Visitor: 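One structure, as structure tokens, below. Some questions next.
When a residue number appears, it is its place in the shown sequence, counting from 1. Being a predicted model, the structure only gives us computed values, none of them experimental.
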Amino acid sequence: MAVSGSTGRGRKRAAQRGERIADALDQRLPLVDGAKGLVRKVFPDHWSFLLGELALYSLLVLVLTGVYLTLFFDPDMGEIVYHGSYLPLRGVRMTQAYASTLDISFGVRGGLMIRQIHHWAALVFVAAIAVHMMRIFFTGAFRRPREANWMLGVTLFVLATLEGFCGYSLPDDLISGTGLRIAEGIMLSIPLVGTYVTFFAFGGEYPGHEIIPRLYGFHILLVPGLLLALVGAHLTLVVSLKHTHWAGQGRTNRNVVGMPAFPQFVTRTSGLFFAVSGLLTLLGGLAQINPIWAYGPYRTDQASTGSQPDWYIGFLEGALRLMPVVETRALGHTIAWNPLVPAVVLPGVMFGVLYAYPYLERWVTAGRGEHHLCDRPRNQPARTGLGVAGIAFYAVLLAAGGDDVIAYSFGISLEGLVWALRIAVFVLPPLCFAVTKRTCLALQARDRERLLEGEETGDVDQTVEGGYTEGHRPLPAAERYVLLVRDLPEPLGALPQGPPPAAGATAAARARLHQQGLRLRAALSNWFHQDRVDLPATDEQRRQIAAATAPPARQEGLGGPATAAATQRAKTTEEGS
């Protein structure tokens with residue numbers, strides 16, 4: 001009894017000591033209040049919401065492996081005669097950067113595996129960001145109030161691409177040196193300031209002695225710092241604005257239904273981190289990537305045959321190969337359009353459209369409320385068609401980046417392939433848009449048929465007249481709810497003409513321009529929103545749909561069996577503002 005009592009008193013003293021420590025920490029660092037909010041945070045349980053976490057965990061692997069590689073890499077561009085452990089290149093002159101990369105690969109324990117894990121993680125990181133952005137675009141998760149978060153995501157993609165190019169160029173092998181030579185040509189094509197930009201970047205005439213050390217500083221300090229800062233801002237906005245979620249019973253435009261952060265989400269996301277890390281480790285150990293020893297050190301008078309950049313730069317390479325050679329001479333200056341348009345103007349336009357798209361769609365859409373329910377891509381045919389057209393445009397440019405390899409592998413004419421790709425880059429995107437839009441409308445028609453007739457059972461019954469009928473069973477209530485709840489704004493139609501034009505030529509011109517803008521907005525809205533298939537719904541169902549899609553500013557409750565069924569499930573609901 002005495003031993004048991006002393007043990008109980010010891011546990012009580014330990015608990016009191018722990019409470020005092022927790023109180024002391026919370027007085028200095030508000031950890032408890034912050035932890036309460038995070039523990040109660042709700043995360044949707046659909047797999048598509050894990051795509052962003054793939055990018056996050058790939059970034060963590062990049063940071064961990066990059067710190068290890070930084071201990072051994074030397075970015076010096078001074079030339080030496082190699083006497084390292086890789087016998088085929090002994091006695092060859094090379095830069096210290098290339099020699100240190102060889103030493104990492106063959107002289108550092110585990111160095112080659114870490115290099116390859118780092119490279120694979122970079123590819124997965126950029127790919128995960130791209131796929132995550134596609135999920136956000138096709139489901140409409142960029143709409144108010146998440147426009148700023150979408151712009152942060154586009155900026156992260158740009159920085160990830162820049163970070164990948166900087167790291168790809170550091171070894172100073174024959175392929176990466178060829179890429180730097182292309183980058184020099186792109187810089188020189190910038191009118192008026194191209195020469196100055198090139199001299200500043202390379203520290204003098206190409207190849208100079210400063211480009212690798214400067215890229216190294218960008219790769220390990222500036223760009224990673226910006227990436228980590230923007231990732232923190234992105235996650236902060238995700239927590240603050242709450243998640244979007246798919247339509248379903250009990251899920252409205254004013255709440256988030258899913259799993260609590262602790263312990264369900266923490267367990268799932270921890271498993272995903274270990275799975276990503278394990279897969280990248282397997283790739284690094286089993287799948288060879290970027291064997292720089294096979295390419296050799298960079299020399300300005302050589303170029304590697306069949307060299308290809310990483311996939312996220314491939315579209316620039318393809319655009320350069322498809323652009324005809326065009327020059328303009330004016331006022332003593334020569335403008336080389338073939339590197340300027342595909343490598344400077346085109347990326348600027350592409351990313352400018354991505355930045356502006358949430359506001360462009362909002363401009364042609366009636367209503368400015370918040371949107372927290374994800375769209376099914378089939379319910380927005382115009383947006384889905386535009387997304388597929390953009391992917392097709394990118395795919396053609398990516399294929400053009402390897403046109404020499406394709407022509408050699410299939411034994412076809414390189415010139416004929418280039419002309420075919422030039423035609424495809426203009427013809428394929430609108431064709432994909434038209435096919436995708438028709439497919440979305442066909443899927444909507446299929447949803448209407450299922451709502452009217454139910455699901456086919458496979459049974460065939462013979463009537464007394466000798467005919468045959470197919471057997472159907474009604475759709476479950478939950479599935480009908482998913483098909484019916486969709487946010488479809490009406491086209492803007494004819495907009496108000498505004499006040500009569502004021503006197504004066506300038507005022508009249510402004511009034512005409514304003515009226516033309518209104519007509520353009522109405523026409524674009526009609527084109528974007530008019531094509532849809534009406535679904536059969538009762539008056540009660542229409543009231544429930546309106547209540548489910550109502551913005552958070554209107555707090556009408558759905559009530560009824562849908563909410564009750566959602567409450568009975570072992571789920572957590574987070575109410576919107």
Side-chain angles (χ1 to χ4, degrees), residues 88-89 105 112 115-116 119-128 130-131 134 161 164-165 167-169 171-183 185-186 279-280 282-325 338-339 341-343 346-347 350 388-432 435:
L89 289 179
S105 302
L112 178 58
R115 266 195 66 231
Q116 298 198 145
H119 203 131
W120 279 115
L123 298 181
V124 173
F125 175 55
V126 184
V131 178
M134 281 190 251
T161 303
F165 174 76
Y168 181 82
S169 305
D172 201 28
D173 59 284
L174 193 54
I175 289 186
S176 65
T178 303
L180 285 176
R181 190 60 185 253
I182 296 173
I186 294 171
L279 180 60
L280 292 175
L282 286 175
L283 287 173
L286 301 177
Q288 178 177 275
I289 189 170
N290 198 23
I292 61 163
W293 56 89
Y295 310 140
Y298 178 64
R299 289 179 49 178
T300 55
D301 61 337
Q302 294 182 356
S304 58
T305 302
S307 62
Q308 306 296 318
D310 283 338
W311 72 268
Y312 46 85
I313 301 294
F315 80 100
L316 282 179
E317 177 82 7
L320 286 167
R321 296 187 184 194
L322 293 184
M323 180 71 183
V325 178
N338 49 313
V341 171
L346 178 64
M350 289 173 62
V388 174
I391 294 172
F393 179 76
Y394 183 91
V396 173
L397 295 182
L398 187 61
D403 56 2
D404 53 344
V405 177
I406 296 173
Y408 177 78
S409 301
F410 292 95
I412 58 179
S413 168
L414 177 60
E415 184 178 357
L417 178 62
V418 169
W419 275 104
L421 291 172
R422 284 174 177 173
I423 296 172
V425 81
F426 293 104
V427 173
L428 191 60
L431 179 62
C432 289
V435 172

Visitor: Please tabulate, for side-chain N and O atoms in residues 414-428, each donor-acceptor pair with protein atoms closer than 3.5 Å (sequence neighbours left out).
Guide:
unit_1	atom_1	unit_2	atom_2	d
R422	NE	L322	O	2.7
R422	NH2	L322	O	3.4

Visitor: Using every non-hydrogen atom in the two residues, find where A343 and L320 come nearest and quote the distance to one decimal.
Guide: CB-CD2, 4.0 Å
Visitor: Working to the nearest 0.5 angstrom, can you tell me the gap between I175 CD1 and Y295 OH?
Guide: 4.0 Å
Visitor: How far does CG of L123 sit from OH of Y168, to the nearest 0.5 angstrom?
Guide: 10.5 Å
Visitor: What side-chain donor-acceptor pairs closer than 3.5 Å can you find for residues 309-316, not counting sequence neighbours?
Guide:
unit_1	atom_1	unit_2	atom_2	d
D310	OD1	H119	NE2	3.4
D310	OD2	H119	NE2	3.1
D310	OD2	Y312	OH	3.2
Y312	OH	G164	O	3.4

Visitor: For Q308, check side-chain hydrogen bond (donor to acceptor under 3.5 Å, both in side chains) against everything at least two apart and list the hits.
Guide: D404
Visitor: For P429 and A389, work out which heavy atoms get closest and say how close.
Guide: O-CB, 3.4 Å
Visitor: To the nearest 0.5 angstrom, please state how far the CD atom of E317 sits from the CG atom of L398.
Guide: 10.5 Å
Visitor: Is there a side-chain contact between I289 and R115 in this structure, where contact means two heavy atoms from C-beta onward sitting under 4.5 Å apart?
Guide: no
Visitor: What is the distance from atom CD1 of I292 to atom OG of S176, rounded to the nearest 0.5 Å?
Guide: 8.0 Å
Visitor: State which residues pass side-chain hydrogen bond (donor to acceptor under 3.5 Å, both in side chains) with T178; sequence neighbours excluded, sorted by chain then number.
Guide: none
Visitor: Which residues pass the side-chain hydrogen bond (donor to acceptor under 3.5 Å, both in side chains) test with S169, not counting sequence neighbours?
Guide: none
Visitor: For A128, check side-chain contact (heavy atoms from CB on, under 4.5 Å) against everything at least two apart and list the hits.
Guide: L54, A55
Visitor: I need the full list of salt bridge (charged side-chain N to carboxylate O under 4.0 Å, His left out) pairs touching residues 288-298, with sequence neighbours left out, sorted by first then second residue.
Guide: none
Visitor: Main chain of I406, side chain of S409: is a donor-acceptor contact present, judged purely on distance under 3.5 Å?
Guide: no
Visitor: Give a yes or no answer on whether the side chain of W293 reaches the backbone of S105 with a donor-acceptor pair at less than 3.5 Å.
Guide: no
Visitor: I need the minimum non-hydrogen distance between R321 and A400, along with the two atoms involved.
Guide: CD-O, 3.3 Å
Visitor: How long is the gap from CD on Q288 to CG on L112, to the nearest 0.5 Å?
Guide: 8.0 Å
Visitor: Which pairs with one or both residues in residues 290-303 pass salt bridge (charged side-chain N to carboxylate O under 4.0 Å, His left out), sequence neighbours excluded?
Guide: R299-D301
